[in-house]
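Structure, as structure tokens:
Letters A, B, ... mirror the listed sequences (proteins, then strands); counts begin at 1.
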Amino acid sequence: MRIATWNINSVKQRLGHLLAFLAEDAPDVLCLQEIKCVDEAFPRAEVEAAGYNVAVYGQKAFNGVAILARRPIEDVKRGLPGRDWADQEGEDQARYLEASISTDTGAVRVASIYLPNGNPPDTPKYDYKLRWMERLTEHAQNLLTLEEPLVLAGDYNVIPDPRDAARPEIWVSDALFLPPTRERFRALVDLGLTDALRACSDAGGLYSFWDYQAGAWQKNNGIRIDHLLLSPQAADRLQHTTIHRSLRALEKPSDHVPVSVDLAV
DNA sequence: ATGCCTGCGGTTCGCAGA
């Protein structure tokens, strides 16, 4: 089965691209981030007509995550345990959605993750990012005790390694690449998770995001920040990881492209 | 050194993103 993740940067602006991707690539599961709408505004009818079930955790204007799946979506959980950290206005941020997807050989647990950006680093936004990462790690530790196929997929807003940026020097003071960020990402992976792309390739130049500004796409000035982290039971079944680069060349693209894994289940 | 773009809310600008 194919499980994909995509920061779509507004599902309303990108509905055409979304339906085309579902039709042409036909992933079994698609985790979306930055849908930027409330639950009621998600284009559920169009996505269901394309053959997908939908689980949404949205909010007004910002953030928002969803899980689309051809098979039934069960045991849906909105937010990290204990509710998400409140922002300065006291509202919860819709950044984590988890569910179980049935397969012929058992269930796969999937999470759609939109990890906080954290910039600028000398502000509470960075503290929020680091604490969110610690809460995610604590939750992942609990999920791993289930010893089931698990895919933690999403926009982590983390550049794990210098080879994951075309120009690492411009990110050295950025919340996506600062040592505390990378250390916490490493701590998450070190629980026993596998970075699916790195299990398939050691190469540089494999990016999932290109900024809209300054011709980043045309210069291939990209970074790899969208990741699928696999439990041992999922990693054992990993066949392939794909970065769907061509979507960045479309008219009115998202600044991120989908990344997918093929699992032998 | 700064802004470069894009989406959103709400109004022609500010905020957020990365």
For the residue pair [Y] / [X], report whether a side-chain donor-acceptor contact shorter than 3.5 Å exists.
{"X": "A:T123", "Y": "A:Y128", "answer": "no"}
{"X": "A:D174", "Y": "A:N119", "answer": "yes"}
{"X": "A:N220", "Y": "A:W210", "answer": "yes"}
{"X": "A:Y212", "Y": "A:N9", "answer": "yes"}

With a 4.0 Å limit, can you tell me whether [X] has a side-chain N or O closer than that to the phosphate oxygens OP1/OP2 of [N]?
{"X": "A:Q13", "N": "B:dC8", "value": "yes"}
{"X": "A:S10", "N": "B:dT6", "value": "no"}
{"X": "A:N9", "N": "B:dT6", "value": "no"}
{"X": "A:H256", "N": "B:dA18", "value": "yes"}
{"X": "A:R14", "N": "B:dG7", "value": "yes"}
{"X": "A:K125", "N": "B:dA16", "value": "yes"}
{"X": "A:N7", "N": "B:dA18", "value": "yes"}

Please report, rounded to the nearest Å, how far the [atom2] atom of [N] is from the [atom1] atom of [X].
{"X": "A:W210", "N": "B:dT6", "atom1": "CH2", "atom2": "P", "value": "16 Å"}
{"X": "A:R224", "N": "B:dA18", "atom1": "CZ", "atom2": "P", "value": "16 Å"}
{"X": "A:K60", "N": "B:dC15", "atom1": "NZ", "atom2": "P", "value": "17 Å"}
{"X": "A:K219", "N": "B:dC5", "atom1": "NZ", "atom2": "P", "value": "11 Å"}
{"X": "A:Y114", "N": "B:dA16", "atom1": "OH", "atom2": "C1'", "value": "8 Å"}
{"X": "A:F209", "N": "B:dG17", "atom1": "CZ", "atom2": "P", "value": "12 Å"}
{"X": "A:K129", "N": "B:dG17", "atom1": "NZ", "atom2": "P", "value": "10 Å"}
{"X": "A:Y212", "N": "B:dC8", "atom1": "OH", "atom2": "C1'", "value": "13 Å"}

B:dA18 base / A:N157 side chain donor-acceptor hit below 3.5 Å: no
Counting side-chain heavy atoms from C-beta on, which of [options] comes nearest to [X]?
{"X": "A:A214", "options": "B:dC4, B:dA18, B:dG7", "result": "B:dC4"}
{"X": "A:Q213", "options": "B:dC8, B:dC4, B:dA18", "result": "B:dC4"}
{"X": "A:I225", "options": "B:dC5, B:dG7, B:dA18", "result": "B:dA18"}

Nucleic acid contacts - residues 242-253 of chain A versus DNA chain B, non-hydrogen atoms under 4.0 Å: A:K252
Between [N] and [M], how far is it from one [atom1] atom to the other, in whole Å?
{"N": "B:dG7", "M": "B:dT12", "atom1": "C1'", "answer": "16 Å"}
{"N": "B:dT6", "M": "B:dT2", "atom1": "P", "answer": "23 Å"}
{"N": "B:dT11", "M": "B:dC5", "atom1": "P", "answer": "26 Å"}
{"N": "B:dC15", "M": "B:dA1", "atom1": "P", "answer": "24 Å"}

First encountered from the 5' end of DNA chain B, between A:V11 and A:L115: A:V11
Pairs flagged by side-chain hydrogen bond (donor to acceptor under 3.5 Å, both in side chains) wherever residues 21-33 of chain A is involved - sequence neighbours left out: A:R2-A:D25, A:T5-A:Q33, A:Q33-A:S112
Distance-only donor-acceptor hits, side chain of residues 184-202 of chain A, under 3.5 Å, sequence neighbours excluded:
residue: A:R184; atom: NE; partner: A:E134; partner atom: OE2; Å: 2.7
residue: A:R184; atom: NH1; partner: A:P180; partner atom: O; Å: 3.2
residue: A:R184; atom: NH2; partner: A:E134; partner atom: OE2; Å: 3.1
residue: A:D195; atom: OD1; partner: A:L197; partner atom: N; Å: 3.3
residue: A:D195; atom: OD1; partner: A:R224; partner atom: NH1; Å: 3.2
residue: A:D195; atom: OD2; partner: A:R224; partner atom: NH1; Å: 3.4
residue: A:D195; atom: OD2; partner: A:R224; partner atom: NH2; Å: 2.9
residue: A:R198; atom: NH1; partner: A:S201; partner atom: O; Å: 2.9
residue: A:R198; atom: NH1; partner: A:A203; partner atom: O; Å: 2.8
residue: A:R198; atom: NH2; partner: A:D164; partner atom: OD1; Å: 2.7
residue: A:R198; atom: NH2; partner: A:A203; partner atom: O; Å: 3.1
residue: A:S201; atom: OG; partner: A:A203; partner atom: N; Å: 3.0

side-chain contact (heavy atoms from CB on, under 4.5 Å) partners of A:E138, counting only residues at least two apart: none
side-chain contact (heavy atoms from CB on, under 4.5 Å) involving A:E46 - partner list, sequence neighbours excluded: A:L15, A:L19, A:P43
For A:H17, all residues meeting ring pair (Phe, Tyr, Trp, His ring centres under 6.0 Å), sequence neighbours excluded: none
Sugar-phosphate only, base, or nothing, as touched by A:N63 at under 4.0 Å among non-hydrogen atoms: nothing
